[in-house]
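Right, one structure below, let's go through it.
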Amino acid sequence: MILITGGVKSGKSTFALLMALRYKKRAFLATGVPFDDEMMERIRKHKEERKNLFDTYEEPVDIATILQKIDRHYDVIVLECLTTYLGNLLHYNEDVESRFNILVDVVKTMVSQLIIVTNEVGWGIIPENNLARRYVEILGRWNNELAKIAQEVYLVISGIGVRIK
Amino acid sequence: MILITGGVKSGKSTFALLMALRYKKRAFLATGVPFDDEMMERIRKHKEERKNLFDTYEEPVDIATILQKIDRHYDVIVLECLTTYLGNLLHYNEDVESRFNILVDVVKTMVSQLIIVTNEVGWGIIPENNLARRYVEILGRWNNELAKIAQEVYLVISGIGVRIK
Amino acid sequence: MILITGGVKSGKSTFALLMALRYKKRAFLATGVPFDDEMMERIRKHKEERKNLFDTYEEPVDIATILQKIDRHYDVIVLECLTTYLGNLLHYNEDVESRFNILVDVVKTMVSQLIIVTNEVGWGIIPENNLARRYVEILGRWNNELAKIAQEVYLVISGIGVRIK
């Protein structure tokens with residue numbers, strides 16, 4: 001598994017897509033479900049960027065099952081992104097920990113190359129908002145766990161992917 | 001062109017100035033116009049740091065024209081900083097995209113070494129404030145575009161410049 | 001002295017503890033004093049992580065004196081963390097600058113290996129809150145100063161320590 005992290009608009013998605021283009025059969029698992037117009041527009045743009053180069057799957061919550069189902073059918077699967085996924089779990093009042101543990105178990109056994117896109121969100125002043133704080137804590141922990149089992153980790157800054165593992 | 005990025009108070013300005021000191025004839029293009037006392041004080045401090053080592057130009061909006069005018073007259077020109085520049089454009093309701101495109105065109109043809117200082121602003125929780133969000137998106141895109149045409153890119157952390165391109 | 005920096009939940013504390021385990025006699029100087037239940041819980045968890053591997057000292061304000069007192073008695077002293085320390089000084093209306101200058105003087109003369117854990121807090125939108133802004137500015141300056149006198153500086157991302165000096 002390859003983990004790609006970076007700030008908002010750091011170019012990490014484009015970096016992930018370019019990396020995936022080196023593989024032949026490509027899938028894209030989008031966790032984003034549009035909550036508002038801004039998000040709808042953002043998703044539309046992302047889709048445009050991928051064109052017909054990827055088979056697209058969309059799932060906001062049960063991504064572990066999808067990954068298991070499409071594993072071995074593709075050379076590479078891009079999971080975009082962990083940040084939205086955590087937002088979805090909190091939004092739907094899902095059991096965040098057990099969902100993540102199941103995901104990690106699936107990731108460990110996958111045969112297709114998996115590229116996970118995540119976010120750096122803890123490099124600012126700790127937000128006063130309780131939910132935001134919880135979000136930063138959980139995503140930070142997730143990133144740590146996934147970086148441990150990743151073969152490669154990249155930090156993307158201004159579109160430049162710096163390999164840190 | 002050399003792009004220097006980093007967080008607030010990361011030491012990126014000092015790093016840029018030190019880098020510029022290796023050149024003989026030096027100009028400094030400041031985009032900051034004081035909106036309040038805090039900014040006035042900040043600008044005063046920055047000026048003090050530069051002393052008489054640089055010819056200083058100040059322009060909040062039409063920096064492309066200034067760059068074109070002073071190009072070839074200096075060995076190095078430090079443009080400080082893109083963050084404030086974007087803030088100015090939004091403040092004056094300028095056409096952000098066309099201003100940026102003109103800037104990029106000028107940058108591509110310049111003969112003097114240009115050092116652009118920018119900021120990392122998307123490594124925290126996405127701000128609820130709409131303008132702040134737009135700001136993060138635009139600056140992120142700009143940084144990506146400029147990093148592509150830069151010969152060198154540095155990320156400054158605690159005063160330490162890490163070359164990432 | 002070794003400086004370890006990174007975002008919230010970046011794994012920098014664990015990285016610092018693992019680094020310290022290479023030394024024989026180990027002390028841990030905690031600057032955190034619990035202001036609320038969340039912090040109390042966080043401190044409890046950190047203590048658990050350290051188990052009996054470290055002698056623990058706790059001091060919210062006068063850490064310079066403690067460092068001077070326990071220097072030479074340990075092979076390594078972990079100071080965790082500068083961020084909380086600055087928060088304490090502001091909370092108790094202490095003279096931030098003189099406290100920091102005294103700390104730097106002590107750090108320069110220490111014989112025990114000192115590992116200082118700090119935070120990256122300026123990689124987001126500049127907070128509107130005045131105190132938060134002041135906090136970002138001061139901590140940024142501190143990190144710059146300490147990085148200058150550090151033998152090694154590490155940036156921790158998703159649990160991965162990247163040596164930048």
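A note on names: the letters A, B, ... follow the listed sequences, proteins ahead of strands, and every chain is numbered from 1.
Residue Ile157(C) touches chain A through both its backbone and its side chain, counting heavy-atom pairs closer than 4.5 Å. Both the backbone and the side chain of Ile125(A) come within contact range of chain C, judged by heavy atoms closer than 4.5 Å. With a 4.5 angstrom heavy-atom cutoff, Val162(A) does not touch chain C via any of its atoms.
Of all residues spanning residues 130-143 of chain C, those with a heavy atom less than 4.5 Å away from chain A's heavy atoms are Ala132(C), Tyr135(C), Val136(C), arranged by number. Residue-level contacts of residues 100-117 of chain C with chain A do not occur; threshold 4.5 Å between heavy atoms.
Among Asn129(C), Ile126(C), Ile160(C), Val156(C), the residue making the largest number of heavy-atom pairs under 4.5 Å with chain A is Ile160(C).
Between the CD atom in Glu145(A) and the OG atom in Ser158(C) there is a gap of 11.0 Å [rounded to 0.5 Å].
In Arg72(C), the CZ atom is not crowded: 12 or fewer heavy atoms of neighbouring residues, nucleotides or ligands sit closer than 6.0 Å.
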